[in-house]
Amino acid sequence: MTLQQEIVGNAMQMAVVSLQPGQTVYCEAGKFLFKTTNMTMETRLSGPSNAGQPTGGSGAAGMGGMLRQAMGTAMQVGQRALAGESLAFQYFTSTGGEGTVGFAGVLPGEMRALELDGTRAWFAEKDAFVAAESTVDFGIAFQGGRTGRSGGEGFVLEKFTGRGTVIIAGAGNFIDLNPADFGGRIEVDTGCVVAFEEGIQYGVQRVGGLNRQGLMNAVFGGEGLSLATLEGNGRVILQSLTIESLANALKKAQGGDKQGPTGGLFSTHAG
């Protein structure tokens with residue numbers, strides 16, 4: 001059953017979802033806005049992949065099933081904790097007729113509904129997830145090795161698999177690109193990547209060499225030492241506003257800016 005949803009608004013969008021009786025959608029804790037009275041709401045630590053697994057049975061088999069489910073939930077919660085994600089999900093199910101529920105992101109910007117057909121996963125930046133059908137599995141993908149150490153924002157990604165609709169949010173405005181249309185590779189500010197399809201190769205490269213121009217780029221260019229690279233043939237979603245630039249703008253407006261005219265390595269990081 002296709003999820004009926006409409007994204008409304010402009011500067012701070014929201015997703016209004018209509019559910020048929022028995023249909024379930026879940027969101028990250030803190031992304032819920034409103035619901036009709038016939039929508040049940042339940043908060044769980046488990047993701048949709050094991051939320052509905054049976055826990056009954058008798059004797060050792062029943063206890064074994066309960067133990068496996070508990071261990072699976074603990075692993076999910078542990079991954080989300082390491083990634084800095086919300087520890088719980090909120091589930092909404094329509095009862096007694098069609099129901100409506102609304103969700104939103106946490107930053108001024110756009111939202112996007114992605115349709116998964118079961119053949120390709122989607123990856124998104126941390127905190128991009130808003131809501132999804134119960135047929136979509138939410139996971140954490142850790143970018144290892146060189147990419148993770150160098151990339152900062154690219155170290156932890158959200159991963160969506162299965163079939164159905166997943167709704168994501170970002171900051172500013174979105175642009176959809178395919179690296180194949182630009183010679184197979186694009187280079188992006190690491191904070192501008194919102195999401196990309198499985199098959200796109202994500203990496204991080206140093207901005208210039210360790211020479212005068214490379215240091216000028218890093219210190220005064222506002223990008224630090226690294227750029228994200230996206231290669232392959234597939235859909236990529238970028239955002240026009242980074243969380244760091246928004247935080248710096250707010251600090252400057254409050255008179256607490258320590259960035260000055262240089263940016264780059266001298267920029268003031270939130271947190």
Side-chain angles (χ1 to χ4, degrees), residues 1-10 12-28 31-33 35 39 47-52 76 85-86 89-94 98-107 109-141 156-181 186 188 192-202 230-240:
M1 184 182 298
T2 302
L3 187 68
Q4 298 180 25
Q5 53 76 32
E6 181 184 7
I7 294 177
V8 300
N10 41 46
M12 185 69 186
Q13 293 188 320
M14 68 181 75
V16 179
V17 178
S18 298
L19 298 182
Q20 299 302 313
Q23 195 173 13
T24 299
V25 65
Y26 69 100
C27 74
E28 186 178 47
K31 305 292 178 70
F32 162 72
L33 289 180
K35 70 180 183 70
M39 297 285 290
S49 59
N50 68 346
Q76 287 186 6
E85 299 279 356
S86 169
F89 295 112
Q90 291 177 299
Y91 290 79
F92 301 86
T93 303
S94 178
E98 183 177 298
T100 301
V101 58
F103 307 102
V106 296
L107 293 172
E110 287 196 44
M111 302 180 74
R112 186 68 54 83
L114 307 175
E115 299 296 335
L116 278 63
D117 63 4
T119 62
R120 271 191 175 189
W122 270 87
F123 297 89
E125 67 166 347
K126 189 168 68 72
D127 294 328
F129 173 67
V130 175
E133 288 184 83
S134 57
T135 52
V136 174
D137 290 333
F138 174 98
I140 300 295
V156 177
L157 296 170
E158 299 173 336
K159 183 178 181 180
F160 309 107
T161 55
R163 293 177 178 270
T165 305
V166 57
I167 300 172
I168 60 171
N173 294 121
F174 286 174
I175 183 172
D176 290 66
L177 299 174
N178 186 337
D181 296 332
I186 55 176
V188 184
C192 287
V193 179
V194 179
F196 54 90
E197 285 184 298
E198 185 177 26
I200 293 291
Q201 299 299 313
Y202 177 89
L230 297 158
E231 300 180 74
N233 183 7
R235 188 173 163 197
V236 172
I237 302 175
L238 306 179
Q239 62 188 7
S240 62

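Keep in mind it's a predicted model, so treat the numbers as computed, not measured.
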> Do Asn233 and Asn178 come within less than 4.5 Å of each other through their side chains, counting heavy atoms only?
yes
> Using modelled atom types only, decide if a donor and an acceptor are shared between the side chain of Gln13 and the backbone of Met111 within a distance under 3.5 Å.
yes
> Knowing that exactly one of Arg120, Arg235, Lys159 qualifies, which makes a salt bridge (Lys or Arg N to Asp or Glu O under 4.0 Å) with Glu197?
Arg120
> With side chains defined as the heavy atoms from C-beta onward, is the minimum distance between Glu158 and Glu125 less than 4.5 Å?
no
> Just by modelled atom types, is the Gln4 backbone N or O under 3.5 Å from a matching donor or acceptor in the Ser18 side chain?
no
> Are Trp122 and Val166 close enough that some pair of their side-chain heavy atoms sits under 4.5 Å apart?
no
> Can a donor-acceptor pair be found, under 3.5 Å and without considering hydrogens, that links the side chain of Lys35 to the backbone of Gly99?
no
> Does Leu3 form a side-chain contact (heavy atoms from CB on, under 4.5 Å) with Leu19? I'd like the steps, not just the answer.
CA-CA 7 Å; Leu3 187 68; Leu19 298 182; 3.5 Å; yes
> Between Thr165 and Glu115, is any pair of side-chain heavy atoms under 4.5 Å apart?
yes
> What residues form a ring-ring contact (aromatic ring centres under 6.0 Å, His included) with Phe92, not counting sequence neighbours?
Phe32, Phe103
> Mind checking whether Gln90 and Cys27 have side chains closer than 4.5 Å, heavy atoms only?
yes
> Do you know which two heavy atoms are closest between Gln239 and Ala171, and how far apart they sit?
OE1-N, 2.8 Å
> Should Glu110 and Ile7 count as side-chain neighbours, where that means a heavy-atom distance under 4.5 Å?
no
> Tell me the closest heavy-atom pair linking Thr161 and Ala121, and the distance in Å.
CG2-CB, 3.7 Å
> Looking only at non-hydrogen atoms, find the nearest pair between Gly164 and Thr135 and report the distance.
CA-OG1, 4.0 Å
> Within a 6.0 Å radius of atom CE on Met39, are there more than 12 heavy atoms belonging to other residues, nucleotides or ligands?
yes
> Taking all non-hydrogen atoms of both residues, which atom of Leu33 and which atom of Ala104 are closest, and how far apart?
CD1-CB, 3.6 Å
> About how many Å separate CZ of Arg112 and CD1 of Ile237, when rounded to the nearest 0.5 Å?
5.0 Å
> Nearest 0.5 Å, please: how far is OG1 in Thr93 from OH in Tyr26?
13.0 Å
> For Asp181, check side chain to side chain donor-acceptor pair (under 3.5 Å) against everything at least two apart and list the hits.
none
> Between Glu133 and Arg163, is any pair of side-chain heavy atoms under 4.5 Å apart?
no
> Measure the spacing between CZ of Phe160 and CG of Leu114 and express it to the nearest 0.5 Å.
8.0 Å
> Out of curiosity, Glu28 CD to Ile167 CD1, how far, rounded to the nearest 0.5 Å?
13.5 Å
> How many angstroms lie between atom CD1 of Ile186 and atom CD of Glu231, to the nearest 0.5 angstrom?
10.0 Å
> Taking all atoms of both residues into account, what is the closest heavy-atom pair of Ala132 and Val25, and its distance?
O-CG2, 3.0 Å
> Over all heavy atoms of both residues, which pair between Pro179 and Gly234 is shortest? Give the atoms and the distance, please.
CD-O, 3.5 Å
> Can you measure from CD (Glu198) to CG (Leu116) and round to the nearest 0.5 angstrom?
10.0 Å
> So Leu177 and Val188, do their side chains get closer than 4.5 Å, heavy atoms only?
no
> Do Tyr202 and Phe123 make the cut of ring centroids closer than 6.0 angstrom?
no
